[in-house]
Amino acid sequence: MKSAKQLVSSIILKEGMKYIDKNPVENFPKLLNWAEKLLTKENHKKIFKLIKDASEDPDNNWGIFIRRILEEINSNTRQKFLINYMVNAGMAGQPIIEKMKEKHNCNIPWAILMDPTAACNLKCVGCWAAEYDKKDGLSYEMLDRIIREGKELGIYMYIYSGGEPLVRKDDLIKLAEVHDDCMFLSFTNATLVDEEFAKELARVGNLLLAISVEGFEEETDMRRGKGTFQKVMKAMDYLKAEGVGFGFSTCYHSKNYDVVGSEEYIDLMIEKGCMFGWYFTYMPLGKDAVLDLLVTPEQREYMYHKIREFRQTKPIFLMDFWNDGEYVHGCIAGGRNYIHINANGDVEPCAFIHYSNVNIKDVSLLEALKSPLFMQYRENQPFNENHLRPCPLLDNPEKLREMVHKANAHSTQPLDEEDVDVLTAKTEEAARKWAVTADRLWAERMKAKEAVAAAKE
């Protein structure tokens, strides 16, 4: 049941959206004035001020980004994003999550990542999903149950991965309809996106896509198969034509970092209609892991600088889940901000950490969050005082070994059941080398912050 605050906020925003639909760019400032009255938390007010200042500067890249949203995204999607994401998942949901954390003495995530299926129509080089039984999948009833239990804890953000989630596109649309108060995001290779599905996404409004792409045609087809890049570009055209919200999801590695970190690549993604871009770095999971794809410290630093540069110059929201640890105080997994439930139902702390104590088919969501491995995460986060070294696998492998052993967690990888000692041995050298670079960058960052603080005094 919605709180009174959610209902009031939703009504005000709906009325505001009706008004700005008449002339989105011209009337947006009035919506901001209305929305400002809903804010009570200081951190929300600070974020709001940044948005307001940016929207008033026609040359600011964030101001241009806001205009892109107003002009390129359809009215239904804009409204669902503002109400479901900003109000329900943000202003209303977050306080409930904080209360539940205190009440139950465990981590409660802001988002739940689920795998509707292990099946996929591609076989990408180095992808651990190829190891999973293609018959594995979470039923519609199970997905619905997880969402319902999540909302009781204040969770209104749900993300799909796989396998290829759009193998289950009908169920994903139905879940978006049934849980009209939630925001959904699906990672996808986009090869199953057609004109009809784009229209369905525009109709429901609360299901967005993060499209996997590895660079231009050569880089994408190298990992994902010949012809994949052109299918992705066509899918983006369908989505942009319907005003559907979508972005790109890129795995950067030693063979493509300079391409996906280039201005030309970002400009293409913006031109195709992407509103956001998620960057992940390659992780050596499973028996088919390709260690040569791990980035060097120089390559990871290159991405560190490029993403920050683009944030100041490009009208698109970008995030690098490893190099942005400083903004979220380290690792976000283990229920601190998100959890992962694989297609077999195993509840894991992270999509890249395939160990668990429990299966969602046997326990409630809350019971899973109290399981030994999740409690180990809660006790040990952050894993490093240097938040540019956030990950317990890639940056602090000794931490992952310790937690898995203490929790007596088992491997959830069905074919090789990768022992945690074997897995972490793959990243020991990379972690040692990155530590030198990361510590230098962290020291520079702290010095810069101190200088800014001193200048304000």
Of Tyr252, Trp278, Phe352, Tyr327, the one forming a ring pair (Phe, Tyr, Trp, His ring centres under 6.0 Å) with Trp322 is Phe352
Asp346-Asn344 side chain donor-acceptor pair, cut-off 3.5 Å: yes
Contact check, side chains of Glu264 and Phe216, non-hydrogen atoms, under 4.5 Å: yes
Could you measure the distance from the CZ atom of Arg445 to the CZ atom of Arg440? Nearest 0.5 Å is fine. 14.5 Å
Has Arg68 got a side-chain atom pairing as donor or acceptor with Cys274's backbone, closer than 3.5 angstrom? yes
Sequence neighbours excluded, every pair satisfying ring pair (Phe, Tyr, Trp, His ring centres under 6.0 Å) that has a member inside residues 76-99: Phe81-Tyr85, Tyr85-Trp110
Please confirm whether the backbone N or O of Gly286 pairs with a side-chain atom of Glu418, one donor and one acceptor, at under 3.5 Å? yes
Flag the pair Asp421 / Arg401 as yes when at least one side-chain heavy-atom distance between them is below 4.5 Å, and no otherwise. yes
Hey, is CD on Glu379 packed in by over 12 heavy atoms from elsewhere, all under 6.0 Å? yes
Hey, are the side chains of Ile147 and Phe184 touching, using non-hydrogen atoms and a 4.5 Å cut-off? yes
Which is it for Val193 and Lys234 under the side-chain contact (heavy atoms from CB on, under 4.5 Å) test, yes or no, and what are the steps along the way? CA-CA 9 Å; Val193 174; Lys234 189 64 178 174; over 6 Å; no
Going by the ring pair (Phe, Tyr, Trp, His ring centres under 6.0 Å) test, which pairs reach into residues 401-435, not counting sequence neighbours? none
Taking every heavy atom of Leu172 against every heavy atom of Pro165, the minimum-distance pair comes out as CD1-O, 3.7 Å
side-chain contact (heavy atoms from CB on, under 4.5 Å) between Glu72 and Met275: does it pass, once the steps are laid out? CA-CA 9 Å; Glu72 297 180 33; Met275 292 293 168; 3.6 Å; yes
More than 12 heavy atoms of other residues, nucleotides or ligands under 6.0 Å from CD of Glu385: is that the case? no
Taking the side chain as C-beta and beyond, is there a heavy-atom pair between Ile360 and Met142 under 4.5 Å? yes
Answer yes or no: are there more than 12 heavy-atom neighbours, outside Lys361 itself, under 6.0 Å from its atom NZ? yes
With the side chain counted from C-beta on, respond yes when Cys182 and Asn84 share a heavy-atom pair under 4.5 Å apart, and no when they do not. no
Would you find a donor on one side and an acceptor on the other, under 3.5 Å apart, between the side chain of Thr220 and the backbone of Glu214? yes
Separation of Thr424 OG1 from Leu400 CG (nearest 0.5 Å): 6.5 Å
If you take all heavy atoms of Ala119 and Val167, which pair is closest and at what distance? O-CG2, 4.2 Å
Please check: side-chain N/O of Tyr158 versus main-chain N/O of Leu143, any donor-acceptor pairing under 3.5 Å? no
side-chain contact (heavy atoms from CB on, under 4.5 Å) assessment of Tyr156 paired with Val87: CA-CA 10 Å; Tyr156 287 86; Val87 175; over 6 Å; no
Lys399 bridged to Glu402 by N-O distance under 4.0 Å: no
Start with the C-alpha gap between Glu200 and Arg203, add the side-chain angles, then the distance that decides, and say whether salt bridge (charged side-chain N to carboxylate O under 4.0 Å, His left out) holds. CA-CA 5 Å; Glu200 280 291 274; Arg203 180 180 64 81; 3.0 Å; yes
Main-chain N/O of Ser212 paired to Asn189 side chain as donor or acceptor, under 3.5 Å: no
NZ (Lys272) with more than 12 external heavy atoms under 6.0 Å: yes
Between the side chain of Thr117 and the main-chain N/O of Gly137, is any donor-acceptor distance below 3.5 Å? no
Kindly indicate whether the side chain of Ile155, heavy atoms from C-beta on, has any atom under 4.5 Å from the side chain of Glu149. no
Would you check if there is a donor-acceptor pair between the side chains of Asn323 and Arg300 at a distance under 3.5 Å? yes
Closer than 3.5 angstrom, by distance alone: can the side chain of His253 be matched with the main-chain N or O of Lys255 as a donor-acceptor pair? yes
Cation-pi check, Lys370 onto Phe374 ring (under 6.0 Å, within 45° of axis): no
Sidechain-backbone polar pair: Lys80 side chain, Val204 backbone, donor-acceptor under 3.5 Å: yes
Is the backbone of Asn107 close enough, under 3.5 Å, to the side chain of Arg336 for a donor and an acceptor to pair up by distance? no
Separation between OG (Ser254) and OH (Tyr282), nearest 0.5 Å, reads 9.5 Å
Tell me whether the count of non-hydrogen atoms from other residues, nucleotides or ligands lying under 6.0 Å of NZ in Lys433 goes above 12. no
Please report the interatomic distance CE(Met283) to NZ(Lys426), rounded to the nearest 0.5 Å. 11.0 Å
Do the non-hydrogen side-chain atoms of Ile97 and Leu153 ever get within less than 4.5 Å of each other? no
Return the orientation label for the His387 and Trp442 ring planes: parallel under 30°, perpendicular over 60°, tilted otherwise. perpendicular
Can you list everything that forms a ring pair (Phe, Tyr, Trp, His ring centres under 6.0 Å) with Phe310? Sequence neighbours excluded, please. none
Salt bridge (charged side-chain N to carboxylate O under 4.0 Å, His left out), that's the test. Do Arg308 and Asp320 meet it? Break it down for me. CA-CA 9 Å; Arg308 283 157 177 74; Asp320 180 336; over 6 Å; no
Test side chain to side chain contact (heavy atoms under 4.5 Å, CB included), reference Thr250, set Tyr257, Tyr279, Phe280, output is Tyr279
Go through Glu309 and Lys306 one step at a time and tell me if the salt bridge (charged side-chain N to carboxylate O under 4.0 Å, His left out) criterion holds. CA-CA 5 Å; Glu309 174 191 328; Lys306 294 303 290 188; 3.4 Å; yes
Please tell me whether Tyr265 and Phe248 form a close aromatic pair, meaning their ring centres lie under 6.0 Å apart. yes
Test salt bridge (charged side-chain N to carboxylate O under 4.0 Å, His left out), reference Asp171, set Arg168, Lys169, Lys174, output is Arg168
Hey, are the side chains of Met236 and Lys240 touching, using non-hydrogen atoms and a 4.5 Å cut-off? no
Would you check if there is a donor-acceptor pair between the side chains of Thr437 and Tyr304 at a distance under 3.5 Å? no
Modelled atom types, side-chain donor and acceptor of Asp144 and His179, under 3.5 Å: yes
Check: Ala430 main-chain N/O paired with Thr427 side-chain donor or acceptor under 3.5 Å: no
When rounded to the nearest 0.5 angstrom, what distance separates CG in Asn61 from CD1 in Ile66? 10.0 Å
Hey, what do you get for CG (Leu294) to OG1 (Thr281), rounding to the nearest 0.5 Å? 7.5 Å
After noting the C-alpha distance and the side-chain angles of Ile108 and Lys101, does the key distance pass the side-chain contact (heavy atoms from CB on, under 4.5 Å) rule? CA-CA 6 Å; Ile108 305 293; Lys101 284 181 181 178; 3.8 Å; yes
